[in-house]
There are 2 protein chains.
Amino acid sequence: MSSAVRNRMQLHQQNIQSVFAEVFNHQPISRIEISRNLALNKSTVSALYRDLKDQGYVEELGEGDASNVGGRKPVLLAVNRKYGYTMNFDFGYRHLHVMQNNLSGDVLSYKQVNVKGLTLKQILPLIDAELENISANDHSSHGLLGISFAIHGTVDHNKVTYSPFLDMSQVDLEDYYTQKFQVPVLLENEANVSAVYERDFNKANEQLSNMVTISIHRGIGAGLIIHQSLHRGIHGEAGEIGRSVSIDGNWDGEPRKVEDYCSEDAIITQIQDQKHADNMTREDVVRLFKADDQVTKSALTGFVRNVAGIIYNVANNFDPDVIFLNSPLIEALPELKPQIESFYAQMAPSIRVPIKLTKNSHYATLLGGCALVTREVLGMEDAKLNFGAQTVVL
Amino acid sequence: MSSAVRNRMQLHQQNIQSVFAEVFNHQPISRIEISRNLALNKSTVSALYRDLKDQGYVEELGEGDASNVGGRKPVLLAVNRKYGYTMNFDFGYRHLHVMQNNLSGDVLSYKQVNVKGLTLKQILPLIDAELENISANDHSSHGLLGISFAIHGTVDHNKVTYSPFLDMSQVDLEDYYTQKFQVPVLLENEANVSAVYERDFNKANEQLSNMVTISIHRGIGAGLIIHQSLHRGIHGEAGEIGRSVSIDGNWDGEPRKVEDYCSEDAIITQIQDQKHADNMTREDVVRLFKADDQVTKSALTGFVRNVAGIIYNVANNFDPDVIFLNSPLIEALPELKPQIESFYAQMAPSIRVPIKLTKNSHYATLLGGCALVTREVLGMEDAKLNFGAQTVVL
DNA sequence: TGTGAGTTGGTTGTTTGAACAAACTAATCT
DNA sequence: AGATTAGTTTGTTCAAACAACCAACTCACA
């Protein structure tokens with residue numbers, strides 16, 4: 001209410017943002033096309049565009065093709081590729097993933113750094129080195145614009161509140177990097193950024209307003225896009241579906257959580273125990289499954305049933321347009337997907353929510369973080385922005 | 001995006017709505033106060049108010065008190081109490097609840113009609129009679145403005161898609177009443193309107209953006225307010241938490257739903273079976289509980305544990321600012337609430353979502369429907385409207 | 001108790017400025 | 001050359017802002 005457009009100046013600012021969003025989402029685009037899309041007079045668009053250009057956000061890309069019945073060629077406009085860049089990180093169990101993106105969300109560089117067994121304080125200098133290295137080779141006009149971190153754990157008010165396999169309580173990342181660079185620094189749960197990725201980077205989802213991304217890694221969490229915006233909850237704990245307990249009338253002993261049955265960790269531990277093995281990894285499970293190992297096959301059948309149950313419950317809770325699965329295990333064994341779908345179909349005979357796999361989950365979290373921090377840089381948190389409109393993957 | 005304010009006319013319309021919202025939410029209010037609240041010039045507010053008055057939406061209520069340091073008395077403005085009325089219905093199991101409200105959401109009349117055992121086609125003439133009776137005694141300028149129905153079941157696109165105890169597939173209520181009166185007719189799930197009630201009628205919730213109302217009647221459902229707006233889901237099935245199944249690794253036989261364990265029906269049936277009784281009602285259960293009956297007490301302990309588990313799961317899924325319980329059984333036995341809270345506290349030792357009871361659940365659904373249909377009448381679906389600002393309960 | 005200074009609510013007439021419209025230039029096609 | 005399209009320039013429009021005013025009140029003080 002109080003943030004609503006109410007006077008001419010606010011109207012002007014909003015229209016500038018609308019023009020920028022058009023350039024962002026449909027680059028390369030001409031002024032006349034923006035004018036038609038926004039139902040704004042072409043002279044108005046020209047004036048608004050001039051403001052954006054003075055601020056350096058946009059640039060001309062050259063001439064486009066004229067219409068086939070004659071007429072002047074349009075001048076193609078685009079987001080300034082040399083405006084600056086964001087740095088986006090993902091703390092994986094074994095690797096730190098590092099990505100550099102420009103203002104449009106295009107990937108400028110990507111790198112994995114081995115951090116297995118290191119503490120956060122030991123990782124910090126590695127991050128600093130990456131930032132310095134990138135900064136030294138940069139030729140953009142504004143340089144570093146913002147930093148994002150995808151966290152495998154919960155985040156509240158930009159602080160890590162819980163992180164299962166890397167102690168993050170010793171360092172305040174937001175504090176450290178805002179002090180150092182005076183740019184927006186953003187921490188966000190990994191399932192949440194993954195959901196933002198689907199909203200902002202996946203053109204197929206442009207018209208969808210409700211999406212749930214179920215992330216099955218060492219734990220289980222969901223990222224929620226509701227009414228086109230990320231639902232974090234008051235403590236940043238919305239979508240912590242791995243903590244759900246069974247409601248079945250049995251209350252003997254400690255209630256067990258969903259995560260205890262069907263996280264990737266739970267499955268690996270289960271197979272390990274039955275095989276009296278040790279230190280197994282996802283790759284081992286994949287290998288055993290492909291070698292037709294019966295213990296593994298039956299464990300994964302249980303996994304598949306449980307995932308179907310989770311999907312059924314998520315569908316009943318949120319009734320989204322689509323559910324994404326972000327699971328390296330299922331990504332490695334795509335034959336599990338139809339099994340999940342068939343168990344789900346048994347549970348929900350009539351109305352079902354479509355299920356899709358998130359491809360290349362590491363990129364997803366980095367790009368989701370990129371989208372969030374870029375929006376903050378632009379002050380366009382709520383606008384409809386279509387990142388990666390012409391992303392060139394390296 | 002495309003609905004954003006972009007030209008002077010749209011700006012003007014939005015500002016008219018802002019002024020109306022101020023009158024609506026803070027009536028009685030003076031022009032100067034609106035001007036200060038909206039940061040609009042007082043002459044602008046005067047002009048916008050004049051438009052609203054010409055359309056009949058508002059009226060002057062007389063003079064207020066002057067400031068204690070002198071100065072002219074303000075003229076107090078309010079929503080026109082004689083503009084028209086909405087009719088709001090709730091199909092209960094035993095009664096049809098009927099409420100007439102004015103444009104501000106004030107209760108003009110309330111009535112229960114016995115409909116136990118009747119089919120929808122038999123109930124229809126009773127509804128028509130109520131509408132005619134009210135219409136005959138009305139002296140407002142625009143008469144009937146809209147109709148809402150709270151449905152114990154699921155609703156999609158204003159059609160009932162599932163209704164457990166009253167067959168509603170034979171009659172299209174929206175069709176029938178729009179044909180008859182040419183006013184907006186709205187069908188909505190009972191848990192959803194209950195959630196809207198908490199958002200729009202409960203001043204204590206004004207600052208809250210995420211609320212879940214758990215409705216425990218013959219089934220279990222949740223109404224979701226997320227980011228201040230009702231989340232229905234793509235098929236209108238969001239919040240159907242009663243259908244959730246347990247994820248516990250056991251997949252022998254048909255999975256049982258939450259509803260099977262802890263709806264009011266399930267509890268009554270359970271007690272009935274153990275007592276070899278028949279046709280028990282909620283009132284019987286309440287009586288037995290108060291008479292210290294052990295079977296009832298132990299059944300309700302199970303109920304309380306299950307409700308705590310449901311709350312825990314809802315908190316993990318949505319992480320709302322508050323959870324409301326809309327349950328006639330708990331309303332009748334308020335001593336159950338602390339028990340629920342204590343079981344919940346055992347499950348979630350650190351972060352907990354506050355739990356509150358919805359008072360007078362029948363009013364809640366009617367008023368929630370009133371809020372929804374009134375918003376549609378005004379074309380102000382997304383504005384922040386504070387209904388019942390000065391509701392006089394009859 | 002009466003008067004005038006100070007204060008506040010609301011109206012009237014004028015100014016402002018962002019979007020708009022029309023007329024223009026530029027560049028292309030057939 | 002005539003038709004068509006892209007973009008610019010120049011002047012118009014109209015809702016909000018502003019300034020000056022009127023209306024009506026309080027309070028202090030004679």
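These values consider heavy atoms only, across backbone and side chains, with no hydrogens, waters or symmetry-generated copies.
Atom NZ in A:K53 sits about 13 Å away from atom P in D:dG7, given to the nearest Å. Separating the CD1 atom of A:I32 from the C1' atom of D:dT8 is a distance of 12 Å, rounded to the nearest angstrom. Across the protein-nucleic acid pair, B:H12 atom NE2 and D:dT13 atom P stand 18 Å apart, rounded to whole Å. Protein atom CD of A:Q13 is 10 Å distant from nucleotide atom P of C:dA19, rounded to whole Å. The CG-P distance, from B:N7 to C:dA18, rounds to 15 Å in whole Å. Atom CG of A:D51 is separated from atom P of C:dA18 by 9 Å (rounded to the nearest Å). Distance A:R72 CZ to D:dA6 P: 10 Å, rounded to the nearest Å. Counting to the nearest Å, the C1' atom of C:dG10 and the CD1 atom of B:I29 are 15 Å from each other.
Taking 4.0 angstrom as the limit, A:N15 places a side-chain polar atom (N or O) nearer than this to OP1 or OP2 of C:dA19. For B:R50, no side-chain nitrogen or oxygen approaches OP1 or OP2 of D:dA15 to under 4.0 Å. Distances shorter than 4.0 Å separate none of the side-chain N or O atoms of A:S46 from OP1 or OP2 on D:dG7.
Residues meeting the side-chain contact (heavy atoms from CB on, under 4.5 Å) test with B:P184, sequence neighbours left out: B:V373, B:E376, B:V377. Judged as a side chain to side chain donor-acceptor pair (under 3.5 Å), and not counting sequence neighbours, the contacts of A:N101 are A:N88. A:D138 meets the side chain to side chain donor-acceptor pair (under 3.5 Å) test with A:S140; sequence neighbours excluded. Listed by chain and residue number, nothing satisfies the side chain to side chain donor-acceptor pair (under 3.5 Å) test with B:N210 (two or more places apart in sequence, or in another chain).
Side chains of A:S104 and A:Q27: a donor on one and an acceptor on the other come within 3.5 Å.
The residue B:V75 sits close only to the backbone: its heavy atoms come under 4.0 Å of sugar-phosphate atoms, none of a base. Across all strands, A:R8 comes closer than 4.0 Å to base atoms (heavy-atom distances).
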Under 3.5 Å, N/O pairs linking protein and nucleotides 18-20 of chain D:
residue	atom	partner	partner atom	Å
D:dC18	N4	B:S43	OG	2.5

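Toward the 5′ end of DNA chain C lies the nearest nucleotide of B:S30, the other residue of the pair B:S30 and A:M9 mapping further downstream.
Considering all non-hydrogen atoms of both residues, A:E174 and A:V185 come closest at CA-CG1, 3.7 Å. Nearest heavy atoms, A:V183 versus A:L145: CB-O, 3.3 Å.
The closest donor-acceptor contact from the side chain of B:R199 to the backbone of B:Q228 lies under 3.5 Å.
Taken together, the paired segments of DNA chain C that extend over three or more consecutive Watson-Crick or G-U pairs, each closer than 3.5 Å at both contacts, are C:1-30 with D:1-30.
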- request: Kindly indicate, with the supporting measurements, whether the criterion side-chain hydrogen bond (donor to acceptor under 3.5 Å, both in side chains) is fulfilled by A:Y49 and A:E22.
  value: CA-CA 11 Å; A:Y49 176 80; A:E22 280 297 310; over 6 Å; no
